[in-house]
Amino acid sequence: VLAVKPQMMADACAPLTRFAGADTVILSIAAGKTIAWFTDIFGAEARIVRAMPNTPAAIGRGITVAVPNDRTSQEQAAISKALLEAVGEAILGEDEALIDAVTAVSGSGPAYVFLLIETMRQAGIEAGLPPEMAGRLAMVTVAGAGALALESGEDPATLRRNVTSPNGTTQEALGVLMAEDGLQPLMTRAIAAAARRSRELAS
């Protein structure tokens with residue numbers, strides 16, 4: 001398992017090349033280091049799995065997408081997936097090109113959620129709430145809504161509509177967030193920027 005910073009990866013791999021072979025799977029969670037990059041280091045016969053986890057793995061609530069190369073057997077891929085599931089969910093993918101979008105959505109995604117908490121807190125303070133109360137309300141609301149979305153089995157749009165009473169407070173706020181220049185186009189631009197940077201780092 002290769003879990004060092006990308007800029008340290010070449011030095012970390014150098015003493016490990018002797019282990020590469022049919023019985024060894026090289027599992028990397030280093031952003032920007034492609035399967036081709038590891039193939040250059042470990043050889044064309046190396047079994048390589050490139051994975052993109054995220055920071056909620058620290059509390060067992062992460063999600064990881066892993067892409068094995070064509071030398072990796074189904075059994076080896078399954079073992080890699082099981083290992084990654086020790087820190088949350090794991091999905092096996094077939095197309096390495098998707099890793100850039102995965103990085104933009106789930107790899108960087110926790111930062112977007114933390115920013116949402118920050119902005120909700122600040123907006124609450126500006127609406128008159130004490131800072132400590134505003135922060136707690138924002139944090140627990142985001143955590144609870146995420147858990148509800150995950151566990152209810154309902155589509156997020158349905159959950160949103162369930163909260164929204166006609167002509168009520170939520171609808172008034174959503175009129176701003178769902179406007180033509182609202183949250184969706186902003187998030188689309190943000191995800192595209194992160195994916196573009198991921199491609200640049202891998203080139």
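The residues of the chain are indexed from 1 along the displayed sequence.
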Treat each ILVMFWY residue as a node, draw an edge where side-chain heavy atoms are under 4.5 Å apart, and state whether [X] and [Y] are in one component.
X: I125; Y: M133; result: no
X: L186; Y: M178; result: no
X: F38; Y: V4; result: yes
X: V113; Y: M139; result: yes
X: M8; Y: L2; result: yes

Residue pair [X] / [Y], side-chain heavy-atom distance below 4.5 Å:
X: W37; Y: P6; answer: no
X: V25; Y: V49; answer: yes
X: T141; Y: R136; answer: no
X: V65; Y: L98; answer: no
X: F114; Y: V142; answer: no
X: L27; Y: L84; answer: yes

Where do [X] and [Y] come nearest, in terms of heavy atoms and distance?
X: A149; Y: S152; result: O-OG, 4.0 Å
X: Y112; Y: A104; result: OH-O, 2.6 Å
X: T17; Y: A14; result: OG1-O, 3.3 Å
X: I41; Y: C13; result: CG2-CB, 3.8 Å
X: A3; Y: I29; result: CB-CD1, 3.6 Å

At what distance, to the nearest 0.5 angstrom, does [atom1] of [X] lie from [atom2] of [Y]?
X: E132; Y: L137; atom1: CD; atom2: CG; result: 10.5 Å
X: R71; Y: T39; atom1: CZ; atom2: OG1; result: 9.5 Å
X: T103; Y: R199; atom1: OG1; atom2: CZ; result: 10.5 Å
X: I26; Y: S80; atom1: CD1; atom2: OG; result: 10.5 Å
X: T34; Y: D100; atom1: OG1; atom2: CG; result: 10.0 Å
X: L129; Y: M120; atom1: CG; atom2: CE; result: 10.5 Å

*Going by atom types alone, do Q184 and T188 pair a side-chain donor with an acceptor below 3.5 Å?*
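Yes, side-chain donor-acceptor contact under 3.5 Å.
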_I48 vs S28, side chain to side chain contact (heavy atoms under 4.5 Å, CB included): CA-CA, chis, key distance, verdict_ = CA-CA 8 Å; I48 300 164; S28 167; 5.9 Å; no
Verify, without hydrogens or angle tests, whether [X] (side chain) and [Y] (backbone) share a donor-acceptor contact under 3.5 angstrom.
X: T64; Y: A90; answer: no
X: E96; Y: I35; answer: yes
X: T119; Y: L116; answer: yes
X: N69; Y: A46; answer: yes
X: Q76; Y: S73; answer: yes
X: R47; Y: E45; answer: yes

*Short N-O contact, R121 and E118, less than 4.0 angstrom*: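 Looking at E118 together with R121, the answer is no, because their closest N to O distance does not fall below 4.0 Å.
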*For atom CG of D23, is the number of surrounding heavy atoms from other residues, nucleotides or ligands below 6.0 Å larger than 12?*
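No - once you tally the heavy atoms of other residues, nucleotides and ligands closer than 6.0 Å, there are 12 at most.
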*Atom CD of Q74: over 12 foreign heavy atoms under 6.0 Å*: no
*Apply side chain to side chain contact (heavy atoms under 4.5 Å, CB included) to T164 and list each qualifying residue two or more places apart in sequence or on a separate chain.*
R160, T170, Q171, L174
*R61/N54 under side chain to side chain contact (heavy atoms under 4.5 Å, CB included): CA gap, chis, key distance, verdict*: CA-CA 9 Å; R61 295 296 298 272; N54 63 6; over 6 Å; no
*Report the C-alpha distance between R50 and I99 in whole Å, list the side-chain angles of each, state the deciding distance to 0.1 Å, and finish with yes or no for side chain to side chain contact (heavy atoms under 4.5 Å, CB included).*
CA-CA 9 Å; R50 181 183 177 189; I99 288 289; 3.5 Å; yes
_Under the criterion side chain to side chain contact (heavy atoms under 4.5 Å, CB included), I'd like the reasoning laid out for T24 against F42: C-alpha separation, chi angles, the key distance, then a yes or no._
CA-CA 11 Å; T24 301; F42 290 102; over 6 Å; no
